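FYI, side chains are in, hydrogens and waters are out, and symmetry mates aren't considered; it's all heavy atoms of this structure. What you see is a predicted model; the values in this text were computed from it and never measured.
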Amino acid sequence: MDDLLLKELPLFNDTPEEISLKRPTCSVCARPLTVCVCHAISKKLNVATKVIVLQHPAEQNRQLRTVPLLKASLEDDKCMVIVGKRFKNLEEITSVPTALLFPGKDATECSQVTAGTYKQLICLDGTWPQARRLYQKNAILQKLPKVMLTSARKSVYLIHTQPTVHHLSTLESVARAIQEMEKLDGLEEKMIAPLKEMVRTQFKYGASAHSTQAEARAIRKQELKNGEKILTVAPKLENFDYNSF
């Protein structure tokens, strides 16, 4: 797996279940009304690139999703979410210049794309295995030009365990890709503001900042070497300053 595949991988989530799914939910950010983060969305942003999210069905069952925040951050006609595993209308959808946000040797760095080259950006939403299967099952995706991110900024999505420190959530990936492709300084910060607020809220309810799967593997390796029986699954970040996040 490419170290810079920027997908949500919520494999080990220790977020407390303080929020019941039966509580009234905000129709915009998809969070319970008691922890709605819409106040962190300054206004809907009108970007030139239309974002098309192809979402694996399993993502809809997750409580802490970033795609609703992505959709809430952009003008209504600039973000479309399609749920499924096989997408029959992709040929029609991609009839205009479209890029796929997906890493690979044949992918172009988003920062190297000339502004205006693509009218649409497709993003696959799911864990890496899910995203890979979506890519493999839809032949049209394999024919699209690919773009990828290479910058080293760390994710703020600290309430989910990511493979490495440079893996990003779907919202963060799209925000940075559009900023780099359209040369719009400051766009990413505006788009991820509601995500940061969601993470802060979870911290208030007792959630912990996660380390990465890579760090967890290193700790497990050391535990095995020491002959310890209890293996660490998802260690918490040491010395994390929750107050300054």
Side-chain angles (χ1 to χ4, degrees), residues 1-8 41 43-57 59 65-126 128 130-153 166-192 195:
M1 177 170 59
D2 191 297
D3 279 347
L4 286 170
L5 177 69
L6 307 175
K7 299 302 303 170
E8 295 170 304
I41 304 173
K43 64 176 182 179
K44 284 183 173 288
L45 302 169
N46 187 17
V47 297
T49 307
K50 181 176 182 177
V51 178
I52 300 172
V53 179
L54 302 183
Q55 186 177 74
H56 190 280
E59 284 299 304
R65 296 174 289 153
T66 68
V67 169
L69 304 181
L70 168 61
K71 191 172 178 61
S73 298
L74 299 177
E75 289 288 348
D76 294 342
D77 63 341
K78 292 300 182 180
C79 185
M80 177 170 63
V81 181
I82 308 175
V83 181
K85 295 181 180 180
R86 295 181 183 274
F87 306 93
K88 298 180 180 180
N89 58 341
L90 279 182
E91 187 171 358
E92 178 183 353
I93 291 175
T94 58
S95 61
V96 300
T98 303
L100 174 67
L101 184 58
F102 201 84
K105 294 181 179 179
D106 57 342
T108 302
E109 295 180 16
C110 289
S111 60
Q112 300 302 312
V113 174
T114 302
T117 300
Y118 301 110
K119 303 295 184 184
Q120 298 181 149
L121 178 68
I122 290 181
C123 179
L124 306 181
D125 183 45
W128 170 228
Q130 291 169 349
R132 182 170 55 189
R133 285 194 291 271
L134 291 179
Y135 178 76
Q136 294 171 342
K137 289 182 177 181
N138 295 274
I140 291 181
L141 294 179
Q142 301 166 31
K143 300 177 183 179
L144 294 175
K146 300 185 186 70
V147 294
M148 66 179 185
L149 300 169
T150 57
S151 52
R153 176 172 176 172
H166 300 310
H167 279 66
L168 304 180
S169 66
T170 300
L171 168 60
E172 292 171 297
S173 303
V174 171
R176 188 176 304 174
I178 294 179
Q179 174 173 281
E180 293 185 357
M181 292 170 64
E182 295 191 19
K183 322 304 177 188
L184 297 173
D185 292 340
L187 177 72
E188 180 182 3
E189 285 299 326
K190 293 178 181 178
M191 289 184 66
I192 69 173
L195 173 60

Is the count of non-hydrogen atoms from other residues, nucleotides or ligands lying under 6.0 Å from D185 atom CG greater than 12? no
Which atom of L134 lies closest to which atom of H56, heavy atoms considered: CD1-N, 4.0 Å
Are any of the side-chain heavy atoms of M148 and T150 separated by less than 4.5 Å? yes
In sequence, state the C-alpha distance, the side-chain angles, and the governing distance for T49 and E182, and then conclude on side chain to side chain contact (heavy atoms under 4.5 Å, CB included). CA-CA 8 Å; T49 307; E182 295 191 19; 2.6 Å; yes
When you measure from the side chain of Q179 to the backbone N and O of V174, does any donor-acceptor pair fall under 3.5 Å? no
Are T94 and I122 close enough, and set up right, to give a side chain to side chain contact (heavy atoms under 4.5 Å, CB included), and what steps lead you there? CA-CA 9 Å; T94 58; I122 290 181; 3.8 Å; yes
Taking all non-hydrogen atoms of both residues, which atom of E180 and which atom of C110 are closest, and how far apart? OE1-CB, 3.4 Å
Please enumerate all residues that pass ring pair (Phe, Tyr, Trp, His ring centres under 6.0 Å) together with Y135, with sequence neighbours excluded. F102
CD-OG1 distance between Q112 and T108, expressed to the nearest 0.5 angstrom: 8.5 Å
Whether Q120 side chain and V51 backbone form a donor-acceptor pair below 3.5 Å: no
Just so I know, are the side chains of L45 and K190 near enough to count as touching, which here means a heavy-atom distance under 4.5 Å? yes
Would you confirm whether S173, through its side chain, and L171, through its main-chain N or O, come within 3.5 Å as a donor-acceptor pair? no
Does S169 offer a backbone N or O that forms a donor-acceptor pair with the side chain of E172 under 3.5 Å? yes
Taken to the nearest 0.5 Å, the spacing of I52 CD1 from L101 CG works out to 13.0 Å
Does K183 NZ have over 12 foreign heavy atoms under 6.0 Å away? yes
As an exercise, state the distance from NZ of K119 to CG of L121, rounded to the nearest 0.5 Å. 14.0 Å
Heavy-atom side-chain proximity of L70 to M191 below 4.5 angstrom: yes
Sidechain-backbone polar pair: T170 side chain, T66 backbone, donor-acceptor under 3.5 Å: no
Rounded to the nearest 0.5 angstrom, the CG-CD1 distance for L69 and I41 is 6.5 Å
Could you grab the distance from atom CD1 of I93 to atom CD1 of I140, nearest 0.5 Å is fine? 9.0 Å
Please round to the nearest 0.5 Å and tell me the distance separating atom CG of L168 and atom CD of E188. 7.5 Å
Is there side-chain contact between V96 and Y118, with heavy atoms separated by less than 4.5 Å? no
Distance-minimising heavy-atom pair for Q55 and D125: NE2-OD2, 2.8 Å
If you look only at distance, which donor and acceptor atoms sit under 3.5 Å apart when one is on a side chain in residues 75-92 and the other is two or more places apart or in another chain?
{"residue": "D76", "atom": "OD1", "partner": "K44", "partner atom": "NZ", "Å": "3.3"}
{"residue": "K78", "atom": "NZ", "partner": "V47", "partner atom": "O", "Å": "3.4"}
{"residue": "K78", "atom": "NZ", "partner": "A48", "partner atom": "O", "Å": "3.3"}
{"residue": "R86", "atom": "NH1", "partner": "K137", "partner atom": "O", "Å": "3.3"}

Do the side chains of L100 and V147 get nearer than 4.5 Å, heavy atoms only? no
Compare every heavy atom of R65 with every heavy atom of P68, then report the nearest pair and how far apart it is. CD-CB, 3.8 Å
